[in-house]
Amino acid sequence: MRTFLLKRLPSGLLVLALASFLVFLILRLIPGDPATTLAGPDASPATVEAVRSRLGLDQPVLGQYVSWLGHLLSGDPGPSYAIGGQVSDLIGNGLGTTAQLALGALLLVVLIALPLALAGATTRRRPVAVAVRALTTAALAVPPFVTGVVLVLVFAVSLGLLPPGGHESLLDAPDLAVQYLAMPALCLALPSAAVLARHLKDGIERALAEDYVRTATALGVSRRRIVWRHALPNALPSTVTVLGLQIGHLVAGAVLVERIFAWPGLGRLIEQGVARRDYPVVQDLLLLVVAVYVAVQLLTDLAYAWLDPRIRWE
């Protein structure tokens, strides 16, 4: 397993290096000048140049990139241009709440996808299969901002069961924290749960069509045992890969969902950074998202290899 991981680390590091350069370059192509924004609309050209020099924006682009990368590798991203404070502190303050939202959504993804996949793959009742297909199609077709508004109108406005937005710490008030987390986590989880349910359902159906299943059925093995002991384990390796991709989507989608439910995470921070042309904040956050993708894919490869030893042997 260690050799398997070492073979994949170089490609992950290469992706991070390329992503860092692309993120840095793309931000410089966006119209707008941080120095002009910070100096104010009435600032003189000399003042704007002084601000640009103080921020290091008068250096060549390659020099700015090397300087930024050096600060990252040293563990000191430096100060924010416009929001104020150290970038590491700003990201650290929002990372915990975003991780809480993403983990809550991930739990719901598994809890929703597994029953739907099993029901769709094993049922012999057409209405059940149609209902599963309709639910997954609706979850994929409706965008999260529409789902979020509907959830607020139903559970917060009409029924009054859940708060419409906000956040509470799990350590300070667990019962309130779960109430605040329920709607944004569900809104974020539904599309990924639909993707995972469809893939797992197809995998179980393929496994149930294998010859060994027909042999086991002929020998009198119960269908429940066949599904849980044979079909589901055989469908898991490829499903783990899909789940890994969906974790990346959960992290990226949390930005929009946080805006809908006033969730104080990284979504609000990246919105402020883009609006104020705060290069250090935005580029560090985008690179963090890419790093999460890479880390999740490495863990997914390890899980795949653990579930299917043939991958390790190859």
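Since this is a predicted model, take the numbers as computed values, not measurements.
Glu271 pairs by the salt bridge (Lys or Arg N to Asp or Glu O under 4.0 Å) definition with Arg259, not counting sequence neighbours. In this structure Arg206 satisfies the salt bridge (Lys or Arg N to Asp or Glu O under 4.0 Å) test with no other residue, sequence neighbours excluded. The side-chain hydrogen bond (donor to acceptor under 3.5 Å, both in side chains) check on Thr47 picks up Ser44, with sequence neighbours excluded. Contacts of Glu49 classified as side-chain hydrogen bond (donor to acceptor under 3.5 Å, both in side chains), with partners at least two apart in sequence or in another chain: Arg52. For Arg214, the salt bridge (Lys or Arg N to Asp or Glu O under 4.0 Å) partners two or more places apart in sequence, or in a different chain, are Asp211. For Ser20, the side-chain hydrogen bond (donor to acceptor under 3.5 Å, both in side chains) partners two or more places apart in sequence, or in a different chain, are Tyr65.
In terms of heavy-atom proximity, Ile204 sits nearest to Ala235 at N-CB, 3.7 Å. Nearest approach of Ala182 to Leu162, heavy atoms of both residues: CB-CD1, 4.0 Å. Between Val257 and Cys187, the shortest heavy-atom contact is CG2-SG, 4.2 Å. Here the shortest heavy-atom pairing between Leu181 and Gly104 reads CD2-CA, 4.5 Å. Heavy atoms only, all atoms of each residue included: Asp284 and Pro77 are closest at OD2-CB, 3.3 Å. Here the closest heavy-atom approach between residue Val109 and residue Ala189 is recorded as CG2-O, 3.6 Å.
Hydrophobic cluster membership is shared by Leu25 and Leu72, with clusters built from Ile, Leu, Val, Met, Phe, Trp and Tyr side chains linked at under 4.5 angstrom. With hydrophobic clusters built from ILVMFWY side chains whose heavy atoms lie under 4.5 angstrom apart, Val227 shares a cluster with Val221. Hydrophobic clustering (side-chain heavy atoms under 4.5 Å, transitive across Ile, Leu, Val, Met, Phe, Trp, Tyr) groups Val146 together with Leu140.
Side-chain contacts under 4.5 Å among hydrophobic residues (ILVMFWY), followed directly or transitively, place Leu111 together with Leu107. Members clustered with Leu14: Leu18, by chain and number, using a 4.5 Å side-chain heavy-atom cutoff among hydrophobic residues.
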Expected list for residues 147-158: side-chain donor-acceptor pairs under 3.5 angstrom, two or more places apart:
residue, atom, partner, partner atom, Å
Thr147, OG1, Pro143, O, 3.3
Ser158, OG, Leu153, O, 2.9

Which side-chain N or O atoms in residues 287-294 pair as donor and acceptor under 3.5 Å with protein atoms at least two apart or in another chain?
residue, atom, partner, partner atom, Å
Tyr293, OH, Gly248, O, 3.2

side-chain contact (heavy atoms from CB on, under 4.5 Å) between Leu62 and Phe24, intermediate numbers included: CA-CA 10 Å; Leu62 186 59; Phe24 185 89; over 6 Å; no

Stepwise side-chain contact (heavy atoms from CB on, under 4.5 Å) check, Leu250 with Leu103: CA-CA 9 Å; Leu250 292 178; Leu103 290 174; over 6 Å; no

Test side-chain contact (heavy atoms from CB on, under 4.5 Å) applied to Ile270 and Val281, step by step: CA-CA 7 Å; Ile270 197 169; Val281 171; over 6 Å; no

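The side-chain hydrogen bond (donor to acceptor under 3.5 Å, both in side chains) contacts involving residues 190-204 comprise Thr136-Arg198, Thr137-Arg198, Ser192-Gln246, His199-Ser238, Lys201-Glu205, where partners must be two or more places apart or lie in separate chains. Annotation: salt bridge (charged side-chain N to carboxylate O under 4.0 Å, His left out) contacts involving residues 290-299, sequence neighbours excluded, are absent.
With rounding to the nearest 0.5 Å, the separation of OH in Tyr279 from CZ in Arg28 is 5.5 Å.
Each of Thr239, Val242, Leu116 was scored for a side chain to side chain contact (heavy atoms under 4.5 Å, CB included) with Leu200, with one residue passing: Thr239.
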